[in-house]
2 protein chains.
Amino acid sequence: MDKQLTALETVFKALADSTRLRILALLTTGEVCVCNVHDTLRIPQPKASRHLAYLRRAGLVETRRDGLWIHYRLAKRSNPVVAAVEEAVREALAESPAIRRDLERLKKQTGCEPAAPDNTLPIIQLTARHTRA
Amino acid sequence: MDKQLTALETVFKALADSTRLRILALLTTGEVCVCNVHDTLRIPQPKASRHLAYLRRAGLVETRRDGLWIHYRLAKRSNPVVAAVEEAVREALAESPAIRRDLERLKKQTGCEPAAPDNTLPIIQLTARHTRA
DNA sequence: TCCATATATTCCCGTTGACAAATATAGCAC
DNA sequence: GTGCTATATTTGTCAACGGGAATATATGGA
């Protein structure tokens, strides 16, 4: 199995879980910390952490520590074809009512919204967005 | 979990296996029967059959019986966002050396090649293509 | 009917992954 | 140091999945 095929398989395994899809939808709005993920999606903290770790192992997200908080963001894609898949996913996710509700809750908590659909690069937002500080 | 989200999860689960990705790449050339799948991919027949069944359960492929042979083809996508994902996948698959080799072998056996990249509809090819008759 | 071919399914086994609950680690404030 | 908060990891359990090998089913032909 060559690198291209392995890379695709890895990406699709990472996408093959609804919790991770919801997390990725949140991340299209910019950086999000773990507390906002588990508050917004209403899932237990260990569950958020576990899926975020999975996404990081798969290379789809990157982290930045800021004191107590760890901010997750979409990783810059090295593989252009993978990027195309992700762009299609991003548009598809916007169609899900569950994800719309997640994004509404995130907006209430942090004031952040998804970027314009044609903006394919992850938005790196350096202002802190957690609401628990 | 709503319908959109469930649909995406189902599709990604189906795509999250390299054997199935290779099969889907074959199917971009049109209808293929099981014998051509397992000959071309050089995998045991039960393995080909099992993964084809998985793809059918997931709604990604459809079948047509023709005597002893069962021809598989890509299903027409009802969901446009899923179709966009699949189109991105189609282009990504063309980058894999393993898949290029699979397609070469298929071409040797049946004379069929992938369609033009901008042809997003599955090609329904009604001529028999198996080489064992 | 019997045989041959194409395809599907079953059985067994090992691995992965998802979950909840509990526990551990890391950084900050005091 | 002690506490407090945010995050990560471990534990145990369970279901899903992948693989090979063997077997079953279905169709067509002599």
Side-chain angles (χ1 to χ4, degrees), chain A residues 1 5-6 9-23 26-27 31-58 60-73 109-110 128-133, chain B residues 1 5-6 9-23 26-27 31-58 60-73 109-110 128-133:
Chain A
M1 212 169 58
L5 196 49
T6 304
E9 194 186 25
T10 300
V11 170
F12 288 133
K13 277 189 202 302
L15 296 175
D17 178 272
S18 61
T19 301
R20 289 195 290 270
L21 288 174
R22 292 171 70 197
I23 291 176
L26 290 190
L27 293 182
E31 278 194 339
V32 177
C33 69
V34 183
C35 60
N36 277 335
V37 171
H38 93 259
D39 278 358
T40 302
L41 303 192
R42 305 200 197 286
I43 58 178
Q45 175 269 322
K47 180 169 173 175
S49 191
R50 185 159 25 90
H51 285 292
L52 285 165
Y54 192 114
L55 290 170
R56 188 170 42 168
R57 281 196 307 272
L60 268 69
V61 305
E62 294 166 349
T63 59
R64 177 179 65 89
R65 178 179 275 280
D66 170 27
L68 278 182
W69 295 278
I70 298 187
H71 300 268
Y72 283 76
R73 62 173 178 272
Q109 290 189 4
T110 70
R129 298 170 63 196
H130 41 78
T131 54
R132 294 186 163 179
Chain B
M1 210 170 56
L5 196 50
T6 304
E9 192 185 27
T10 300
V11 169
F12 288 133
K13 277 189 201 303
L15 295 174
D17 178 272
S18 61
T19 301
R20 289 196 288 271
L21 288 174
R22 292 171 71 198
I23 290 175
L26 290 190
L27 293 182
E31 277 194 339
V32 177
C33 70
V34 182
C35 61
N36 277 335
V37 171
H38 93 258
D39 279 0
T40 302
L41 302 190
R42 306 200 195 289
I43 57 178
Q45 175 269 322
K47 180 170 172 175
S49 190
R50 188 156 25 90
H51 284 293
L52 285 165
Y54 191 114
L55 289 171
R56 189 170 41 168
R57 281 196 307 270
L60 269 68
V61 305
E62 293 165 351
T63 57
R64 175 179 66 89
R65 178 177 276 279
D66 170 26
L68 279 181
W69 295 277
I70 298 187
H71 300 268
Y72 282 78
R73 63 174 178 273
Q109 289 189 5
T110 69
R129 299 171 62 195
H130 41 78
T131 53
R132 295 186 162 176

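Lettering follows sequence order; numbering is per chain, from 1. Just so it is clear, the model here is predicted, and its values are computed rather than measured.
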Engineer: Measure NZ/Lys13(A) against C1'/dT15(C) and give the value in whole Å, please.
Structural biologist: 11 Å

Engineer: What is the distance from CG of Leu55(A) to P of dA8(D), rounded to the nearest Å?
Structural biologist: 12 Å

Engineer: For Arg57(A) and dA18(C), what is the distance between atoms CZ and C1' respectively, to the nearest whole Å?
Structural biologist: 12 Å

Engineer: OP1, OP2 of dA8(C) versus side-chain N and O of Tyr72(B): anything below 4.0 Å?
Structural biologist: yes

Engineer: Does the side chain of His51(A) get closer than 4.0 angstrom to OP1 or OP2 of dG17(C) through an N or O atom?
Structural biologist: no

Engineer: Which distance, rounded to the nearest 0.5 Å, do you find between the CD of Glu31(A) and the CZ of Arg73(A)?
Structural biologist: 5.5 Å

Engineer: Whole Å only: how far is the CG atom of Leu52(A) from the P atom of dA8(D)?
Structural biologist: 7 Å

Engineer: Distance check needed: dC17(D) C1' versus Asp17(B) CG, whole Å only.
Structural biologist: 9 Å

Engineer: Between atom CZ of Arg65(A) and atom SG of Cys33(A), what is the distance when rounded to the nearest 0.5 Å?
Structural biologist: 12.0 Å

Engineer: Rounded to the Å, how far apart are Tyr54(B) OH and dG18(D) P?
Structural biologist: 6 Å

Engineer: Consider side-chain contact (heavy atoms from CB on, under 4.5 Å). Of Val32(B), Val34(B), Ile70(B), Thr19(B), which one does Leu52(B) pass it with?
Structural biologist: Val34(B)

Engineer: Nearest 0.5 Å please: distance from the OG1 atom of Thr6(B) over to the CG atom of Leu21(A).
Structural biologist: 10.0 Å

Engineer: Would you say Ser49(A)'s side chain and Gln45(A)'s backbone share a donor-acceptor pair under 3.5 angstrom?
Structural biologist: no

Engineer: I'd like to know if the side chain of Arg20(B) reaches the main chain of Arg22(B), judged simply by a donor and an acceptor atom lying under 3.5 Å from each other, with no hydrogens or angles considered.
Structural biologist: no

Engineer: Check nucleotides 21-30 of chain D for protein N or O atoms closer than 3.5 Å to its own N or O atoms and list the pairs.
Structural biologist:
none

Engineer: Please report the distance, rounded to the nearest Å, between NE2 in His38(B) and P in dT5(C).
Structural biologist: 13 Å

Engineer: Which one, dT9(C), dG19(D), dT7(D), comes nearest to the side chain of Ser49(B)?
Structural biologist: dT9(C)

Engineer: With respect to the side chain of Pro44(A), which nucleotide from dA20(C), dA18(C), dT7(C) is positioned closest?
Structural biologist: dA20(C)

Engineer: Report the distance from atom NZ of Lys47(B) to atom P of dT9(C), rounded to the nearest whole Å.
Structural biologist: 18 Å

Engineer: Is any side-chain heavy atom of Ile23(B) closer than 4.5 Å to one of Tyr72(B)?
Structural biologist: no

